[in-house]
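Working notes, structure below.
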Amino acid sequence: MTRDVTNHLLFEVATEVANRVGGIYSVLKSKAPITVAEYKERYTLIGPLNYDSAAVEVEELQVQDPHIKATLDSMASRGIRYIYGRWLIEGAPRVLLFDVHSAQHHLDEWKTDLWTIAGIPAPSADFETNDAILLGYLVAWFLGELVHHDKQRAVIAHFHEWLAGVALPLCRKRRIDVTTVFTTHATLLGRYLCAGSVDFYNNLANFDVDAEAGKRGIYHRYCIERAAAHSADVFTTVSLITAYESEHLLKRKPDGVLPNGLNVVKFQAVHEFQNLHAVKKEKINEFIKGHFYGHYDFDLDNTLYFFIAGRYEYRNKGVDFFIESLARLNYKLKEAGSKITVVAFIIMPAATNSYTVETLKGQAVIKALENTVREVQNSIGHRLLEHCSRYQQHGKEVPDLDDLISPADRVLLKRRIFALKRDGLPPIVTHNMKDDANDPILNQIRRVGLFNNSNDRVKIIFHPEFLNANNPILPLDYDEFVRGCHLGVFPSYYEPWGYTPAECTVMGVPSITTNLSGFGGYMEDLIENSSDYGIYIVDRRMKSVDESIDQLTHQMFEFTKKTRRQRINQRNRTERLSDLLDWKRMGLEYVKARNLALRRAYPNLFENGAQGSDFDSKIKISRPLSVPGSPRDRNNIMTPGDLGSLQDAALGDDYFHLQGDEEDEGRYGYPLTLRGDSVPAKD
Amino acid sequence: MTEAYITILTNDRYLPGALVLANAIRDLGTTKRLAILVSNISKASEELVKNVYDEVINVSPIVSTSLQQLSDLGRPDLTSTYTKILIWKQIQFSRVVYLDSDILPVVPIDGLFEIELSHELPIAASPDAGWPDIFNSGVFVTEPSEAIFEELFATIQNEESPSFDGGDQGLLNEYFLGKWGRLPFTFNVTPTAGYQYVPAFLKFFKDIKIIHFIGLNKPWLSRDASLFASGSFGKGYEIMKSLHEKWWKVFNRHYFGKIAGEIFAISNISPIEDHSGKGEGCLLDIPKMTNQWDDLKVSDITNDTQSISEPAVVITPLFPWEFRERVEPERVFSESTDSF
């Protein structure tokens with residue numbers, strides 16, 4: 001009897017299940033609601049157990065499914081520890097976390113086996129790889145045991161990244177009756193090669209992959225990644241450019257691209273997002289007043305906030321581009337006599353020794369001034385009321401200012417104002433850097449000479465720590481900060497997907513990205529005039545470095561020329577793209593990839609549409625995305641999109657027709673999926 | 001009688017150097033002829049050389065037998081450096097400026113042909129950075145003469161150890177002891193030598209006329225300037241990077257793209273190509289891709305690898321379930337996923 005593919009089980013394996021390390025966590029977490037909606041209790045995430053994070057993120061449950069229970073009991077009887085429970089995030093998916101160290105005594109045996117069956121070496125000193133091997137064997141053990149107990153249902157195992165990929169060659173070589181999908185979110189070698197300054201993209205086809213991996217001491221890891229890619233039934237990546245990279249570096253052409261989505265519900269503040277921008281911007285304004293105390297000589301109404309954020313990868317994230325183009329922007333703004341001031345934030349965590357005294361002092365003196373002003377304000381109010389209500393005694397109705405501000409108030413105010421004097425310029429970096437002299441970001445800033453001088457129209461603030469609402473200086477969470485900014489700038493060199501610009505988009509904040517990033521390439525393919533929608537794309541492929549930087553400068557310069565109203569319109573348009581990035585849409589590709597894995601494993605079931613009919617329904621996506629919406633008359637004084645959006649608004653029609661009315665609910669049209677909401681399964 | 005720049009190429013590994021040398025001299029607007037002595041090089045190499053040198057002269061190499069000294073020098077690769085004495089045999093030229101093939105002139109140097117030579121001072125050269133009382137034999141001005149050649153050749157033939165370092169520099173310095181005119185160091189700056197006097201370098205940087213990349217670390221071995229400069233520190237690092245860039249600038253100006261690849265194939269070295277000056281992804285040709293799941297062909301579904309053959313690798317039972325009764329998987333495995 002063949003397994004039932006319609007009600008198959010889905011296991012998603014990754015090291016970041018209920019344990020945030022990097023981007024995979026965001027992928028799993030934001031995707032959970034739609035996957036749970038599709039699978040209910042048939043969906044389980046598997047990962048290594050980190051007691052600290054699991055204690056906060058996971059609520060333990062009894063195993064309900066008899067087969068899974070039998071499997072886990074049998075493993076537990078052999079000393080394997082695990083936690084089974086509910087991950088406390090939206091969608092509340094089941095998670096199964098294995099304590100890989102409870103299998104530590106198997107390590108040597110398993111390493112030998114890995115070498116015998118797959119020829120993958122495993123040096124003893126690499127603990128990360130050791131854990132990956134333990135996890136891989138535990139997962140293979142679990143899956144093999146499970147399909148022995150459960151002979152009814154088909155099983156799909158979806159693996160993310162090489163760290164979770166050891167089980168893939170095992171499933172294949174040991175002929176475990178599951179079907180597999182492997183998604184790589186970047187390649188190991190790609191990351192290493194890009195960080196060193198080789199001309200990566202132009203040489204993709206020429207690298208001697210084994211030698212390069214060997215040189216960098218990651219040969220064994222590379223072997224795991226490559227074995228995982230080759231032994232999966234379906235191999236996928238997150239973007240076209242990474243697919244191309246994988247083809248050359250991992251030597252298997254991916255079967256398809258699974259772009260990362262976002263859980264837009266979380267961000268969607270339907271008409272509120274413009275208000276939120278104003279509110280959050282006010283918080284940034286407060287910080288700026290303190291930071292620039294004594295040099296606060298620019299008008300905050302004419303100030304734009306740009307930012308770059310992410311892991312500290314100087315070249316991969318394009319920080320070099322950002323700083324260089326800021327210097328050029330500064331020159332252009334000065335030359336044009338612009339009234340606009342740009343404050344550029346660099347939010348990238350580096351090694352620091354807490355805040356600088358100067359940073360703390362800035363906030364303190366401004367707080368003190370504010371308090372004093374409030375006191376004086378109160379006493380003036382009292383005196384004014386007093387004076388006016390007894391005006392007959394003074395003979396004049398409205399008092400002079402001198403009558404209102406007492407000498408004591410004057411002294412106090414002057415003291416507060418004198419405290420604002422400072423000798424140096426407002427600092428670039430908010431923290432004491434561990435290695436100030438060799439920090440590449442600071443050195444680049446020194447090289448271009450952007451030191452927050454009064455006459456500079458571009459100011460830089462480097463905040464070498466992730467943002468947090470409990471932060472004493474800039475008390476904002478990352479998403480609040482993004483909302484308060486005007487433009488995100490991400491001129492990355494190596495960025496397989498690019499969550500940062502995508503997050504900007506769903507929050508209605510315009511962003512700049514490059515056509516070397518997965519997101520940039522994706523949007524470029526999808527939208528014709530993306531810049532009208534607040535997605536600026538720098539050409540880092542065909543243009544020389546210098547030209548690319550000029551283009552980036554130009555894009556920022558044009559942005560500074562927009563009026564407030566134009567910016568508001570642009571934000572509206574940007575926000576409208578968020579539906580394109582919603583998991584409700586992106587998740588479809590996952591569904592189809594899993595379907596392909598089933599087809600490949602059980603081809604006879606799909607012949608003659610026997611069981612396959614369910615899967616064959618046409619995918620209906622809304623109107624073609626190339627419908628022209630905005631007039632493209634570039635001679636018009638208005639920017640092209642403004643007219644378009646005004647018309648759109650007038651017609652009550654929206655550009656992509658994505659707003660989605662109730663009848664259109666089934667528009668995503670995949671009957672098997674998504675009809676449910678994200679209510680977690682009953683236990 | 002003609003005057004010429006002359007160099008030697010005795011193996012393909014120096015081909016990029018020889019090509020850049022000729023192009024650099026031409027780019028600086030020389031009026032002199034360019035000659036090269038070649039031996040033991042491949043046909044392909046010779047073709048490329050012919051394109052840039054006016055005269056390509058095939059010679060048979062004169063091999064050093066002083067292997068002991070060469071290994072003291074740490075350069076056993078220099079066995080055929082005595083070939084250099086064949087310069088004096090090229091009497092078709094009235095005067096020659098000899099340049100090693102790992103040299104890069106940065107300003108016009110035709111003025112070297114005006115240097116005064118005499119019977120007492122038949123050769124002019126710059127002092128060696130390692131031992132300034134002798135000259136570095138990478139750059140010198142001289143007049144070919146059968147007599148000098150014969151004497152040099154006889155020395156090699158007859159003496160037990162004709163050269164104190166086993167190479168041509170030792171030989172020539174012993175022969176021309178006290179008879180060489182001193183050229184300024186700026187005509188033969190050897191920055192790749194282990195020791196560098198950085199402040200002097202900075203002060204006189206603008207006066208440098210000829211850079212000589214001595215040692216094993218040649219600029220053409222890598223496109224990566226930081227790799228080339230990795231032996232230096234501080235300011236020296238920056239200097240080395242800028243010199244590396246100078247060399248590549250000439251190379252890229254004349255050999256871009258496919259031809260560059262051919263040159264490196266001939267010389268059997270593989271520097272990673274750097275096209276980023278043209279665009280960091282200018283050679284990226286990402287084909288439009290249809291996701292396999294949107295393109296389900298019948299062939300993909302009816303897999304003909306249904307015959308389940310036993311896996312080639314013997315699997316030792318490991319997991320508990322592998323010790324129980326064997327259950328054949330119901331799924332089909334594609335052969336293509338079995339090798340990596």
Side-chain angles (χ1 to χ4, degrees), chain A residues 2-3 74 78 109-110 113 116-118 140-141 144-145 148 169 172-179 196-199 201-204 206 226-227 229-234 240-241 243-244 255-257 493 515-516 540-545 548 589 592-593 595-596 599-603 606-607, chain B residues 222-227 261 270 272-296 298 300-306 308 310-322 324-325 327-334 336-340:
Chain A
T2 322
R3 288 173 185 272
S74 124
R78 283 164 203 268
E109 182 192 3
W110 288 350
D113 184 65
T116 325
I117 64 163
W141 182 352
E145 191 77 38
H148 258 257
R172 179 65 186 85
K173 295 285 183 187
R174 296 183 171 273
R175 306 170 65 74
I176 299 175
D177 206 355
V178 298
T179 175
S197 53
V198 282
D199 187 6
Y201 293 104
N202 290 328
N203 284 293
L204 257 180
N206 308 332
R226 183 161 167 169
H230 282 259
S231 24
D233 289 306
V234 174
L240 269 183
I241 194 158
Y244 187 73
D255 293 304
V257 171
Y493 180 71
N515 58 0
L516 289 178
R540 274 190 86 162
R541 286 192 197 171
M542 305 312 287
K543 283 190 163 66
S544 75
V545 171
S548 304
E589 301 295 332
K592 289 193 273 182
N595 186 19
L596 177 64
R599 274 170 186 268
R600 287 191 172 161
Y602 304 101
F606 291 85
E607 279 167 13
Chain B
S222 167
R223 294 258 186 190
D224 187 350
S226 49
L227 202 68
S270 49
I272 285 300
E273 296 280 316
D274 188 347
H275 302 282
S276 50
K278 279 186 94 183
E280 293 165 300
C282 61
L283 301 182
L284 255 193
D285 180 23
I286 303 179
K288 284 277 166 256
M289 190 175 143
T290 312
N291 291 333
Q292 288 299 301
W293 47 81
D294 290 329
D295 183 28
L296 291 178
V298 184
D300 192 60
I301 300 167
T302 49
N303 212 320
D304 37 34
T305 55
Q306 303 234 0
I308 298 167
E310 273 304 304
V313 190
V314 182
I315 306 282
T316 344
L318 200 65
F319 299 118
W321 45 267
E322 287 174 310
R324 292 178 216 138
E325 160 201 20
V327 184
E328 276 307 318
E330 287 155 20
R331 59 156 301 178
V332 171
F333 291 96
S334 155
S336 67
T337 56
D338 196 31
S339 55
F340 32 90

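Being a predicted model, the structure only gives us computed values, none of them experimental. Below, chains carry the letters A, B, ... as their sequence lines are ordered, and counting in each starts from 1.
The contact between Ala140(A) and chain B is made by backbone and side chain atoms together, counting heavy-atom distances below 4.5 Å. If you measure heavy-atom distances from Val178(A) to chain B, the contacts under 4.5 Å come from the backbone alone. With a threshold of 4.5 angstrom between heavy atoms, Leu516(A) approaches chain B through side-chain atoms but not through N, CA, C or O.
Here CG of Asp255(A) is found 11.5 Å from CG of Asp294(B). Values are rounded to the nearest 0.5 Å. The distance from the CZ atom of Arg599(A) to the CD atom of Gln292(B) is 12.0 Å, given to the nearest 0.5 Å. If you take CZ on Arg174(A) and CH2 on Trp321(B), they are separated by 6.5 Å, rounding to the nearest 0.5 Å. The distance from the CG atom of Asp113(A) to the CD1 atom of Ile315(B) is 6.5 Å, given to the nearest 0.5 Å. For the atom pair CD of Glu330(B) and OH of Tyr602(A), the computed distance is 6.5 Å after rounding to the nearest 0.5 Å. One distance of note links CD of Glu280(B) with CG of Asn202(A); it measures 8.5 Å at 0.5 Å rounding.
The greatest number of non-hydrogen atom pairs below 4.5 Å with chain B, out of His230(A), Arg172(A), His148(A), is found for Arg172(A).
Contact detail for Trp110(A) and Leu318(B): the closest heavy-atom pair is CD1-CD2, 3.5 Å. Minimum interatomic distance between Val234(A) and Trp293(B) (heavy atoms only, all atoms of both residues): CG1-CZ3, 4.2 Å. Here the closest non-hydrogen pair linking Arg78(A) and Pro320(B) is NE-CG, 3.4 Å.
A salt bridge does not link Arg175(A) with Glu322(B): none of the charged nitrogens is closer than 4.0 Å to a carboxylate oxygen.
Between Lys592(A) and Asn291(B), every side-chain heavy-atom pair lies at or beyond the 4.5 Å cut-off.
Between the side chain of Asp177(A) and the main chain of Arg331(B), a donor-acceptor pair closer than 3.5 Å is present.
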- Query: Going through the distances and angles, do Met289(B) and Val257(A) end up as a side chain to side chain contact (heavy atoms under 4.5 Å, CB included)?
  - Reply: CA-CA 9 Å; Met289(B) 190 175 143; Val257(A) 171; 4.2 Å; yes

